[in-house]
Amino acid sequence: MTAPIENIMRTAPVIPVLVIDDIAHALPLAEALVAGGLKVLEVTLRTPCALEAIRVMKQVPGAIVGAGTVLNPTQLAQAIDAGSEFIVSPGLTPTLGQAAVDAGIPFLPGTANAGDIMLGLDLGLSHFKFFPAEASGGTAALKAIAGPFGGIRICPTGGITLATAPNYLALEPVLCVGGSWMVGKDVFDGAKVDTAKVTAAAAAAAALAR
Ligand SMILES: O=C(O)C(=O)C[C@H](O)[C@H](O)COP(=O)(O)O
């Protein structure tokens, strides 16, 4: 069975947010990230091969593969069918939230304000993505928004880098951060992936302290 979302968030300090344009990238990319210590992989449903990429990446020993950019119950069902072990969304709607709760799958919905978090609490959720973290005001906004909600745990995502991640990871409600910085466009050359470069960037991210 799927692990609760808190266990997933505590697995590594950083969740790579991946956009897979070429299915040939899926396996080497997942292997390189896991080799660097980033085992939790979020595959965004932004590309035609995303669901297939989830299936492929799940073959990598140690990888915990989930779907990102899940917008509605239809995509939720597709993501679960592909074997996703957790679900991430950019925002939270009552329909998606209820469907995720009913499915019993670990779920990290996007929130950007107190109302979003209150909707999640009403659904019985306690773990949230804070998105878009930098554009929404960064650590100052996160601290202010999380303030009234004692028990919640947060994964900020959006505009975070290796240099800024520690500022978020130092905050009490933050269990991990999400980001795409460790897989730059420059690691792809046609179907090939510069796995050494990805593993090195992943290792730097995995070494961040919480
Ligand atoms: O697609 C989604 O569901 C999202 O929520 C967006 C991603 O989380 C960000 O695009 C990652 O942020 P960057 O590290 O700034 O690239």
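Remember, it's 1-based here, ligands and their atoms both numbered in the order they're listed.
- Residue G179 approaches ligand 1 through these ligand atoms, each under 4.0 Å from one of its heavy atoms: 14 (O).
- L108 contributes atom CG, which lies 8.0 Å from atom CD of E42 (distance to the nearest 0.5 angstrom).
- Placement of W181 and V174 within a single hydrophobic cluster is found when ILVMFWY residues are connected by side-chain heavy-atom separations under 4.5 Å, directly or transitively.
- Ranking the protein heavy atoms by distance from atom 16 (O) of ligand 1 puts S180 OG, 2.6 Å first.
- Between R46 and ligand 1, a contact under 3.5 Å exists for at least one N or O pair.
- Between the OG1 atom in T95 and the CG atom in N72 there is a gap of 7.5 Å [rounded to 0.5 Å].
- For atom 5 (O) of ligand 1, the nearest protein heavy atom (residue, atom name, distance) is K129 NZ, 2.3 Å.
- In this structure, G110 does not count as a contact residue of ligand 1, since none of its heavy atoms falls inside 4.0 Å of the ligand.
- The distance criterion of under 3.5 Å between nitrogen or oxygen atoms is not met by E42 with respect to ligand 1.
- Considering backbone and side-chain atoms alike, T44 places every N or O at 3.5 Å or more from each N or O of ligand 1.
- Ligand 1 has a nitrogen or oxygen under 3.5 angstrom from a nitrogen or oxygen of G159.
- Heavy-atom distances between G158 and ligand 1 reach below 4.0 Å in at least one pair.
- Neither the backbone nor the side chain of E134 comes within contact range of ligand 1; no heavy atom lies under 4.0 Å.
- Separation of atoms CG (L41) and CD1 (I64) is listed at 8.5 Å; rounding is to 0.5 Å.
- Residue L92 holds its CG atom at 6.5 Å from CG of D116, rounded to the nearest 0.5 Å.
- Ion pairing between a basic and an acidic side chain is recognised when a charged N comes within 4.0 Å of a carboxylate O; D21 and R46 show no such pairing.
- Between the side chain of T164 and the backbone N or O of T161, at least one donor-acceptor pair lies under 3.5 Å.
- Separating the CD1 atom in I160 from the CZ atom in F131 is a distance of 10.5 Å, to the nearest 0.5 Å.
- Note that the CD atom of E6 and the OG1 atom of T11 stand 10.5 Å from one another [nearest 0.5 Å].
- Nearest protein neighbour of atom 2 (C) of ligand 1, counting heavy atoms only, is T69 OG1, 3.2 Å.
- Ligand 1 has at least one atom lying under 4.0 Å from a heavy atom of F131.
- Residue-level proximity to ligand 1 for T157 is carried by the side chain, the only part with a heavy atom below 4.0 angstrom.
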